[in-house]
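See below for the structure under consideration.
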Amino acid sequence: MLSFILRRVLYTVPIMLGVSLVCFALVHISPGDPLVSILPPDASVELQQQMMAIYGFDRSYPEQFLRWLGLALQGDLGNSIATGRPVASEVFNAVGNTLILAVTATIIGFTLGGLFGFVAGYFRDSWIDKLATAISVVGVSVPHYWLGMVMVIIFSVELRWLPATGAGPGGSSQWVWDWEHMQYLILPAITMSVIPMGIVARTVRALVADILQQEFVSGLRAKGLLDRGVLAHVIKNAAPTALAVMGLQLGYLLGGSILIETVFSWPGTGFLLGQAIFQRDLPLLQGTILVLAMFFVILNLLVDVAQTSLDPRLQRG
Amino acid sequence: MAVTAETVAHLAKIEKSQGYWRSVWTRFLRDKVAVCAGLVAAGLVLMAIFAPWIAPADPLEGSMIKRLSPIGTEGYPLGADELGRDMLSRLIYGARLSLFMGVVPVLIAFAIGAAIGIAAGYLGGWVNTITMRVLDVLYAFPSVLLAIAISGALGAGILNGLLSLTVVFIPPIARVAESVTTSVRKLEYIEAAQASGASSLRIVRDHVLGNVLGPIFVYATSLISVSMILAAGLSFLGLGVSPPNAEWGLMLNTLRNAIYVQPWLAALPGVMIFLTSISFNMLSDGLRSAMDVKQ
């Protein structure tokens, strides 16, 4: 087990390096001089050169990359062009809000998806199965940003039950776990949960159907075990894969929250990205993407390790 | 007598036995859901092609006094948008750019990804290792994040949108292509072809492609649904297609501020994205089960 973890961690190092290289390249594939967005158009040549030196744009790409990487490792992601504040602190503030949203959505999506998938797989080819399958197809096919708009239209505009945008009364960005704030979480979290729900339902359905067909289940039944006892065995066998899918989905939601956060003006990383794109704030874009991608890589690693420790059969592979 | 009749029946059966693709087609036609989805998808494509003939009005010309007319206004069956342009015509014309932005990246990524994956899978060894490790890096990004990262860095524009989506879809397609090719490469007839002195290029062309392109293609079609949502999502964020073009994601974006005035009008473009995405998704599911010989 230890050697597996070690191998898996070692494998992650080059991936992380590659990911940071891609993030570094983002600023350099963007058209035009990277300084254009910082300097006024009538800046003198001297000032331009001075800024080039400060930002290190006058050096070679490998040198720039190493310098950028070194600073990033120390937690310095540069300064936002729009606000002048350090990117790292902006991202740090936003990550918390995105985590609240993504974790809530994952829990809702996993619970519902797991339930639908389980029932569908257990009563395969029944009407329940067909209904659950239909729900999961809708879940993966619906443009979630549109679903968010529809939720706002129904529950905020028409019924006036819940607030439409923001993360707290009076545009507060400091999250508190009270009803005042949680009202703001309901719509975006439910909207976001639709994505993992469809995928979890699909996976769990296939898992359960597959497990029920295996010999040990008929063995258990032959032994006289009641359906409830069989159920426990099925859950035990399906859990590692289902949990792995949940972990990965959380990663996807962290990275893919931008569209939903934009719809609901949720002050998380996605909203930050939206601002960065809108204002062409490249350091902010680069820093946010780097942090989110690293989250995803580490989550992948944790999921792999957790899944392997839960399911020893995987270690051989 | 009985024997002869049986033989005739048997011979008739043999005569009727179909090629693989014909049997796939027969199986596909039996799947009602997939056929319906196929018809909807075909309808959307036809709508995109014949938009100028179907649309009742110019999608770009607005009338200031008709701004945000509700659904059912005379002369504006689906209302008018925030600039007084006919919603129905914009939805019809919108199919052009929306489908283009959703489908083309997958097609290009299919060509590139399949080439990379087949080469890596067939050649194996260090070529395979290096190629797949490089792709792993791109794979390490959630797809939405990668698309937005590249698009965001390049800036708005149709070409930049296409480019970023293509980059997003190459790694998954290449991965599938690599694994399918690796499993085919180990089959005996490939070994036989190698032993008979056929060149690699010839083996890939004559023996590998026919066996791997089908599964890779089916996988690629399953990505169209994702690609439609992502492409419209880029335009929704202000990347991808720019105004005044008619594109469903962009229309959702510009109508977003109108949800307090004409809520359901603002939601219309999303219905089109959803319809397209779900029909391609079910079509692809149907294709996959029709091509699965094991059934």
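Every value quoted in this text rests on a predicted model; they were computed, and no experiment measured them. Quick note on labels: first sequence line is chain A, next is B, and so on, each numbered from 1.
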Subject >> Pair B:Val144-A:His144, side chain to side chain contact (heavy atoms under 4.5 Å, CB included): steps then yes or no >> reply: CA-CA 12 Å; B:Val144 184; A:His144 45 278; 5.5 Å; no
**OP:** Select, from B:Leu146, B:Ile229, B:Asp136, B:Val134, the one with the greatest count of heavy-atom pairs under 4.5 Å involving chain A.
**Re:** B:Ile229
Original post:
For the candidates B:Val271, B:Asp285, B:Leu138, B:Leu230, which exhibits the highest count of non-hydrogen atom pairs separated by less than 4.5 Å from chain A?
Top reply: B:Val271
Let's test your reading of the structure: which of [options] forms the most heavy-atom pairs below 4.5 Å with chain B?
| options | result |
| --- | --- |
| A:Val297, A:Thr288, A:Leu21, A:Ile289 | A:Ile289 |
| A:Leu254, A:Ile277, A:Asn300 | A:Ile277 |
| A:Val137, A:Val150, A:Ile258, A:Leu253 | A:Ile258 |

Atom group of [X] that falls short of 4.5 Å from chain B, counting heavy atoms:
| X | value |
| --- | --- |
| A:Glu158 | side chain |
| A:Leu147 | neither |
| A:Phe278 | neither |
| A:Leu292 | both |
| A:Val152 | side chain |
| A:Val22 | side chain |

Subject >> Side-chain donor or acceptor of A:Tyr145 paired with backbone N/O of B:Gly233 under 3.5 Å >> reply: yes
**OP:** Look only at the side chain of B:Ser277 and the backbone of A:Ser141, and say whether a donor-acceptor pair between them is shorter than 3.5 Å.
**Re:** yes
Original post:
Around atom CZ of A:Phe24, are there more than 12 heavy atoms of other residues, nucleotides or ligands at under 6.0 Å?
Top reply: yes
Original post:
Within a radius of less than 6.0 Å around CG of A:Leu10, do more than 12 heavy atoms belonging to other residues, nucleotides or ligands occur?
Top reply: yes
Which bit of [X] is near chain A, if near means a heavy-atom gap under 4.5 Å: side chain, backbone, both or neither?
| X | value |
| --- | --- |
| B:Ala156 | neither |
| B:Leu275 | neither |
| B:Phe280 | neither |
| B:Ala147 | neither |

Could you pull out the closest heavy-atom pair between [X] and [Y], with the gap in Å?
| X | Y | result |
| --- | --- | --- |
| A:Ile15 | B:Ala140 | CG2-CB, 3.7 Å |
| A:Arg202 | B:Asn281 | NH2-OD1, 3.9 Å |
| B:Ala267 | A:Ile153 | CB-CD1, 4.0 Å |
| B:Pro142 | A:Gly251 | CG-O, 4.0 Å |

Are [X] and [Y] packed together at the side-chain level, in the sense that at least one heavy-atom pair is separated by less than 4.5 angstrom?
| X | Y | value |
| --- | --- | --- |
| B:Phe236 | A:Val263 | yes |
| A:Cys23 | B:Phe141 | yes |
| B:Val137 | A:Leu17 | no |

**OP:** Look at the rings of A:Trp146 and B:Phe274 and say which category their plane angle falls in: under 30° parallel, 30 to 60° tilted, over 60° perpendicular.
**Re:** tilted
Original post:
How many angstroms lie between atom CE of A:Met149 and atom CG of B:Leu252, to the nearest 0.5 angstrom?
Top reply: 5.0 Å
**OP:** Check the pair A:Leu273 / B:Leu145 against side chain to side chain contact (heavy atoms under 4.5 Å, CB included), numbers first and verdict last.
**Re:** CA-CA 10 Å; A:Leu273 270 182; B:Leu145 191 67; 3.8 Å; yes
